[in-house]
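As structure tokens, the structure follows; a few thoughts come after it.
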Amino acid sequence: MGRLFVMHLEGKVYSCKHCHTHLGLSSDIISKSFHCKHGKAYLFNKVVNVTSGVKEDRMMITGMHTVSDIFCVGCGSIVGWKYEAAHEKRERYKEGKFILERYKVSGPDGSHYFVTHDAHVGGSDVDDV
């Protein structure tokens, strides 16, 4: 196994809730209006300290997308996904962008997002329909 290089970010940082590895800056958030099966999710222009998994097609509320799960390089936890391709023209703005699931990351102030079992999930996107 090679040496692990981890980028440390300055500013308002979102980090892995398990190992606190920096993942993204609040200034790189495009939208906070996304949803996944655990609740809220944020669309980021760029993230760091992640590796991508296998590309797969997933049907989401906004249509079919080719995505790959993204994993924290510090602990290997799934923290979200990357939009590789959108199959509908109006969704192509997501291509190359990243989703971080709020349930899986700590906010800039150290806050965690907790899921209640009776939470209603709806909105612009979801893991699987």
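Side chains are part of it too, since the values below use all heavy atoms of this structure and drop only hydrogens, waters and symmetry mates.
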What distance separates I99 CD1 from K82 NZ, expressed to the nearest 0.5 Å? 13.5 Å
ILVMFWY network linking F44 to V13, side-chain heavy atoms under 4.5 angstrom: no
In Å, rounded to the nearest 0.5 Å, how long is the span from CD1 of I30 to NZ of K46? 11.5 Å
Taking all atoms of both residues into account, what is the closest heavy-atom pair of D57 and M64, and its distance? CB-SD, 3.7 Å
Ignoring hydrogens and angles, tell me if any N or O in the side chain of N49 forms a donor-acceptor pair with the backbone of M7 under 3.5 Å. yes
Approximate separation, where rounding is to 0.5 Å, of K104 NZ and C36 SG: 7.0 Å
Which heavy atom of S31 sits nearest a heavy atom of S33, and at what distance? OG-N, 3.0 Å
With a 4.5 Å cut-off on side-chain heavy atoms, are V48 and L23 touching? no
Kindly check if the number of other-residue, nucleotide or ligand heavy atoms within 6.0 Å of CD (E10) is above 12? no
Would you say V50 ends up clustered with Y42 if hydrophobic residues are merged whenever their side chains have heavy atoms under 4.5 Å apart, either directly or through other cluster members? yes
Heavy-atom nearest pair, S77 first then H18, reads OG-CD2, 3.2 Å
Side-chain heavy-atom pair I61, H35 within 4.5 angstrom cut-off: no
Stepwise, does the side-chain contact (heavy atoms from CB on, under 4.5 Å) test hold for E88 with T62? CA-CA 9 Å; E88 295 182 31; T62 56; over 6 Å; no
Any chance you could measure K55, atom NZ, to Y83, atom OH, to the nearest 0.5 Å? 16.0 Å
Using the side-chain contact (heavy atoms from CB on, under 4.5 Å) rule, take T66 and E56 through it: C-alpha gap first, then chi angles, then the decisive distance, then the call. CA-CA 5 Å; T66 302; E56 64 181 23; over 6 Å; no
Give the C-alpha distance, both sets of side-chain angles, the deciding distance and a yes or no for side-chain contact (heavy atoms from CB on, under 4.5 Å) between Y14 and I29. CA-CA 10 Å; Y14 285 85; I29 295 175; 3.7 Å; yes
Show, in sequence, the C-alpha distance, side-chain angles and deciding distance for D28 and V47, and conclude whether the side-chain contact (heavy atoms from CB on, under 4.5 Å) test is met. CA-CA 8 Å; D28 288 320; V47 295; over 6 Å; no
To the nearest 0.5 Å, how far apart are OG in S26 and NZ in K32? 7.0 Å
Please name the pair of heavy atoms, one in E84 and one in S68, separated by the smallest distance, quoted to 0.1 Å. OE2-OG, 2.8 Å
Answer yes or no: is there a donor N or O on one side and an acceptor on the other, between the side chain of H65 and the main chain of G63, under 3.5 Å? yes
Just wondering, do F34 and K94 contact through their side chains at under 4.5 Å, heavy atoms? yes
Out of curiosity, does L43 fall in the hydrophobic cluster containing V67 (side-chain heavy atoms, cut-off under 4.5 Å, transitive links)? yes
K17 side chain to Y103 backbone, donor-acceptor under 3.5 Å: yes
At what distance, to the nearest 0.5 angstrom, does CH2 of W81 lie from OG of S52? 13.5 Å
